[in-house]
Amino acid sequence: MLKGFIFDLDGVLTDTATYHLAAWHELAQRLGIHLPAAADTALRGRSRMDSLNLILRYGHQENDYDEAQKAALAAEKNQRYQTFIQSLTSADILPGIPSLLKNAKQHGLKLAIASASKNAPLILRRLGLFAQFDAIVDPQSLH
Ligand code: G1P
């Protein structure tokens with residue numbers, strides 16, 4: 001019996017992938033790393049630290065930073081990303097999602113988000129959807 005729906009966030013409820021990529025590209029450029037076109041696909045759905053490690057590998061800089069420096073670089077990217085998503089509103093919810101969520105709720109179904117993004121709660125709040133979800137889970141936390 002159907003008990004609920006589990007949604008990915010980036011690219012499903014709203015299109016934040018472009019903002020993630022823009023922020024990663026800015027960081028890569030500052031570090032003197034050229035990202036090939038294939039990087040945009042490779043970066044999708046990866047956690048923040050996995051994404052940073054991949055970018056550093058593209059630039060052959062994977063051994064140039066210790067963990068604290070990497071945390072600072074990841075935080076720098078996230079600050080930039082958060083300035084991009086400041087303007088998100090309910091108008092940025094992708095088509096069909098509001099009626100799907102409403103129908104699911106009317107049928108008593110549970111709603112959850114499965115996202116690697118630590119910004120998921122913030123984004124759901126900006127979209128005005130936070131209260132509709134019963135759970136937010138990072139799939140990487142399930143082992
Ligand atoms: C992280 C990554 C981002 C990736 C996202 C997957 O988000 O930084 O590039 O697309 O996971 O949803 P963050 O935790 O930084 O919001």
Side-chain angles (χ1 to χ4, degrees), residues 2-105 107 109-143:
L2 185 62
K3 294 194 173 161
F5 288 118
I6 302 173
F7 295 85
D8 194 355
L9 176 61
D10 296 323
V12 175
L13 297 191
T14 189
D15 189 12
T16 45
T18 33
Y19 300 128
H20 276 300
L21 287 176
W24 283 128
H25 276 270
E26 277 189 23
L27 180 68
Q29 195 171 24
R30 190 179 78 64
L31 299 176
I33 296 173
H34 168 76
L35 293 179
D40 287 2
T41 309
L43 285 167
R44 277 177 197 263
R46 275 180 200 262
S47 72
R48 198 178 301 171
M49 209 36 91
D50 281 358
S51 299
L52 176 65
N53 284 325
L54 182 65
I55 288 168
L56 293 178
R57 281 202 297 279
Y58 275 122
H60 306 289
Q61 295 183 13
E62 62 268 43
N63 299 319
D64 294 3
Y65 302 94
D66 63 25
E67 291 309 310
Q69 290 169 318
K70 285 206 254 183
L73 292 174
E76 180 184 328
K77 178 267 174 178
N78 194 50
Q79 266 185 6
R80 193 69 184 117
Y81 172 71
Q82 289 196 343
T83 64
F84 290 142
I85 60 168
Q86 250 169 25
S87 58
L88 276 187
T89 68
S90 59
D92 296 295
I93 302 172
L94 287 171
I97 294 294
S99 56
L100 176 58
L101 298 181
K102 195 171 157 213
N103 282 339
K105 282 279 177 195
H107 285 85
L109 296 169
K110 297 276 188 195
L111 299 175
I113 295 284
S115 173
S117 173
K118 296 194 189 317
N119 288 294
L122 172 68
I123 292 166
L124 289 176
R125 283 201 176 87
R126 292 224 184 282
L127 297 175
L129 292 178
F130 187 80
Q132 301 211 32
F133 284 88
D134 301 289
I136 303 173
V137 179
D138 176 355
Q140 290 193 331
S141 70
L142 306 176
H143 289 291

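Ligands are counted one by one from 1 in listed order, and the atoms in each one are counted from 1 as well. This is a predicted model, so every value here is computed, not measured.
- The protein non-hydrogen atom at the shortest distance from atom 10 (O) of ligand 1 is H20 CD2, 3.6 Å.
- Near G45, with a cut-off below 4.0 Å to any heavy atom, the atoms of ligand 1 are 6 (C), 10 (O).
- Under a 4.0 Å criterion applied to the non-hydrogen atoms of S51, ligand 1 contributes the atoms 9 (O).
- Residue-level proximity to ligand 1 for N119 is carried by backbone and side chain together, each with a heavy atom below 4.0 angstrom.
- In plain terms, the two heavy atoms of D92 and S87 that are nearest each other are OD2-O, 3.9 Å.
- For atom 9 (O) of ligand 1, the nearest non-hydrogen atom of the protein is W24 NE1, 2.7 Å.
- The distance from ligand 1 to the heavy atoms of A116 drops below 4.0 Å at these ligand atoms: 11 (O), 14 (O).
- Within 6.0 Å of the CG atom in L94, the count of heavy atoms belonging to other residues, nucleotides or ligands exceeds 12.
- Under the 30°/60° scheme for interplanar angles, the aromatic rings of F7 and F133 are found to stand perpendicular.
- Using a cut-off of 4.0 Å between Lys/Arg side-chain N and Asp/Glu carboxylate O, R30 and E76 are scored as salt-bridged.
- Distances from ligand 1 to the non-hydrogen atoms of R46 include at least one value under 4.0 Å.
- For atom 6 (C) of ligand 1, the closest non-hydrogen atom of the protein is D10 OD2, 3.5 Å.
- Nearest non-hydrogen protein atom to atom 15 (O) of ligand 1 is R48 NE, 2.7 Å.
- Comment: R57 does not engage E62 in a salt bridge, judged by the lack of any side-chain N to carboxylate O separation of less than 4.0 angstrom.
- Between the side chain of Q69 and the main chain of D66, a donor-acceptor pair closer than 3.5 Å is present.
- In this structure, a donor-acceptor pair under 3.5 Å is absent between the side chains of S51 and R48.
- When only non-hydrogen protein atoms are considered, atom 8 (O) of ligand 1 lies nearest to K77 NZ, 3.1 Å.
- With respect to atom 14 (O) of ligand 1, the closest heavy atom belonging to the protein is K118 N, 2.7 Å.
- In this structure, K110 places its NZ atom where only 12 or fewer heavy-atom neighbours from other residues, nucleotides or ligands lie under 6.0 Å away.
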